[in-house]
Amino acid sequence: MLFHGETPKLITGISRNINRYYCTSYMFILPLQTIFVAKFGKLPEMQIMPFFVSIAIVFMCYWIIKVYDATIARPIQKMNPVLKLGTYVLILAASAIVLIRVYPQLDVYPNIWNNYLLDALKGPGGMM
């Protein structure tokens with residue numbers, strides 16, 4: 001057995017909120033990768049640096065999720081069902097309005113899967 005007695009709070013919190021950790025951590029990982037590639041032309045090759053960055057991201061996500069639960073999630077869950085549904089509909093409508101407004105203005109869809117930053121660095125005038 002790895003742990004004796006009660007499971008540490010951090011591990012219990014991570015297992016209960018795994019989807020939240022995945023989404024929240026991605027909001028840190030992608031910009032960090034972009035910053036590293038933009039500044040240095042490549043991702044760090046050292047093994048220890050990614051390890052420390054990963055640990056820092058887990059702790060940042062843990063605290064963001066705790067704050068979210070305390071300030072947003074619990075108050076919404078305590079609302080009466082009609083008000084809760086109205087809140088969710090309002091959030092969904094606001095998201096749809098932003099999507100409808102912004103999406104047609106995009107002509108390039110940069111993301112990590114199409115290597116937009118790496119292609120720019122390798123292309124004409126690029127750093128690599």
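Everything quoted here is computed from the prediction, not taken from an experiment.
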Checklist entry - Of all heavy-atom pairs between Val58 and Tyr21, which one has the smallest distance, and what is that distance? => result O-CE2, 3.7 Å
Item to check | Approximate separation, where rounding is to 0.5 Å, of Cys61 SG and Arg20 CZ | outcome: 12.0 Å
Next on the checklist: Test of understanding: clusters of I, L, V, M, F, W, Y form through side-chain heavy atoms closer than 4.5 Å, transitively. Do Phe59 and Phe52 belong to the same one?
Outcome noted: yes
Next on the checklist: Are Ile29 and Val53 linked, directly or through intermediate hydrophobic residues, by side-chain heavy-atom contacts shorter than 4.5 Å (ILVMFWY only)?
Outcome noted: yes
Item to check | Shortest non-hydrogen contact from Pro75 toward Ala70 | outcome: CD-O, 4.0 Å
Checklist entry - Rest of the hydrophobic cluster containing Ile76 (Ile/Leu/Val/Met/Phe/Trp/Tyr, side-chain heavy atoms under 4.5 Å)? => result Tyr68, Ile72, Met79, Leu83, Tyr88
Item to check | Residue from Ile100, Val98, Leu99 passing side chain to side chain contact (heavy atoms under 4.5 Å, CB included) with Val102 | outcome: Val98
Checklist entry - Roughly how far, to the nearest 0.5 Å, is OG1 of Thr24 from CG of Asn19? => result 10.0 Å
